[in-house]
Amino acid sequence: MFRPGAGGTGTADVIGSGFSAPDGATDILLIGNDSRTDAQGNPLPKQVLEELRTTQEGGDLTDAMILVRIPNGGHSASAMSFPRDTMVKSDYGKSKHKLTETMNRGKDAERARLQEEGVTDPKELDQKSRLAGKQALLKTIEKLTGVSIDHYAEVNLLGFYEITKAVGGVEVCLNEATKDSYSGADFKKGVQTIEGADALAFVRQRHGLLNELSRGKRQQVFMSALAHRILSSGTLANPRKLSALIDAINKSVTLDPALANDILGFAEQMQGIAGGNVQFYSAPVHLVGDSGEEDVTLNIAESKQFAADLLLPPQQRAQKLASMKSPTKITTSVYNASGISGLAANVLEELASQGFQEGSSANAETRSSSVVYYANGEQDVGKMVAESLGGLPTEVSPNITSGSVEVYIGKDYKGPGKQNFTGAPTVRLDGLNKAGPLRTQADSSNTPITADGVPCID
């Protein structure tokens, strides 16, 4: 149920009364919602909407979804952001849908269920269905990451305005000037301090950017800048600044009750985290399809491993990622079981262009499905090759030598290298481009955005 929390903070019991399973960290799901209400669910006045450069149209689409992991007893934090257009399978509908739609799908399903039970009170319908929508999104993120989430925080449009005002603005940097009439974005090239409506426009801009991943990168930069401002300017240790920040949170942020009732305790915990020890990453998603019409896809096994690795110390994590991102150490052989002449050679050439060592290519007995075979104990190696080919299934094989994989291309294959396919450029692991349907965020894991500086972005 939604209700005012301590000090007037809006709360929603998204987590429930039970304890989440211990997993070595305090995990917080941070949601950026384009809701046109305040933290108590009241519609924003017209003059406030005008200041925010928006209208009453729209609402309840989650523009930003970030999982924050704070290791138990540690002095660091890592955040994993999910593009809003990531295609997911939830409990609502038989087919996949965009992650940003999950909250509304859960809300609509609960409203329909309550109405079937005879509930007619508008306020009860609204409160219970909204809570169900938040819980649906949280459960979906848990399934994608394998993480047991401990706390929930939701910031609406007003929140970006109020919080950036309270901390005196945040610094961001752009490689080029940008202007967008839809969001109101109008920013110069270089480093600049933004707050209020400008901060909102910065995170909401979509037009003029390459794709949804570019927008996600902006949100990461903004959140890292905000964390830097709070952690490095003495905000949490300054009673006046902290009071202003909490007042802003009361107006525009919805928290789970446990977090709302101990917000000062949480602030004290965060004081021990230096700005450089907060790192922001993108979830390991992939773009599949023609440029401008891509699907944002995510492999759940890969996503779960990525979330688990966020608990490693930064140096150890970097070393592990570096070892996993070394295609030059992997020899790939491709076998054509599709019946399409020449396909194995094409796929092998595509893998070589991504940096993998060339093995052999040959024909094989026709099979309906594709598969990547890897050596015992080298699941990560098989997964890397499989993801480079569009997310093929993997299987261990006792006949594969260490450091090698064998790819069997079946009739179902639609990935890079298929004949007569004219796709958009792919981002290769060596930085050069080649035609193909799959573009990965190869750089997102290796170069996290930290709260210890002002990175420049497009």
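A quick note: this is a predicted structure, and the numbers were derived from the prediction, not measured.
Sparse packing is recorded around NZ of Lys189, with 12 or fewer heavy atoms of other residues, nucleotides or ligands lying under 6.0 Å away.
With Asn261 contributing its side chain and Pro257 its backbone, the two residues share a donor-acceptor pair below 3.5 Å. Although no hydrogens or angles enter the test, the distance criterion places no donor-acceptor pair under 3.5 Å between the side chain of Tyr281 and the main chain of Pro284. Listed for the Ser81 side chain is no donor-acceptor partner under 3.5 Å among the backbone atoms of Met65. Under the 3.5 Å distance criterion, the side-chain polar atoms of Gln192 are matched with a main-chain donor or acceptor of Gly190. In this structure, Thr145 contributes its side chain and Ile141 its backbone to a donor-acceptor pair below 3.5 Å. Side chain of Thr332 to main chain of Phe356: no donor-acceptor pair is present (N/O by atom type, distance under 3.5 Å, no hydrogens or angles). Under the 3.5 Å distance criterion, the side-chain polar atoms of Ser78 are left unmatched by any main-chain donor or acceptor of Gln279. Between the Arg69 side chain and the Ala25 main chain, no donor and acceptor come within less than 3.5 Å of each other. Ser243 places no side-chain N or O within donor-acceptor distance of the main-chain N or O of Pro239, the cut-off being under 3.5 Å.
Counting heavy atoms from C-beta on, the side chains of Pro83 and Thr86 come closer than 4.5 Å.
Interatomic distance, Leu138 CG to Lys134 NZ, rounded to the nearest 0.5 Å: 11.5 Å. Interatomic distance, CD1 of Ile15 versus CG of Asp256, reported as 5.0 Å (0.5 Å rounding).
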Audit row: Lys98, Glu101, salt bridge (charged side-chain N to carboxylate O under 4.0 Å, His left out) steps and yes/no = CA-CA 6 Å; Lys98 293 180 179 180; Glu101 299 172 1; 5.5 Å; no

Could you go step by step and tell me if Met80 and Ile66 meet the side chain to side chain contact (heavy atoms under 4.5 Å, CB included) rule?
-> CA-CA 5 Å; Met80 176 180 179; Ile66 302 174; over 6 Å; no

Glu142/Val147 under side chain to side chain contact (heavy atoms under 4.5 Å, CB included): CA gap, chis, key distance, verdict | CA-CA 5 Å; Glu142 287 187 329; Val147 170; 5.7 Å; no

After noting the C-alpha distance and the side-chain angles of Phe82 and Val88, does the key distance pass the side chain to side chain contact (heavy atoms under 4.5 Å, CB included) rule?
-> CA-CA 11 Å; Phe82 297 83; Val88 299; over 6 Å; no

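Taking Asp91 as the reference, Lys143 meet the side-chain hydrogen bond (donor to acceptor under 3.5 Å, both in side chains) condition, with sequence neighbours excluded.
A salt bridge does not link Glu162 to Lys165: none of the charged nitrogens lies less than 4.0 Å from a carboxylate oxygen. The residues Lys383 and Glu387 are annotated as not salt-bridged, no charged nitrogen and carboxylate oxygen being separated by less than 4.0 angstrom.
Side chain to side chain, His151 and Thr26 fail the donor-acceptor criterion of an N or O pair below 3.5 Å.
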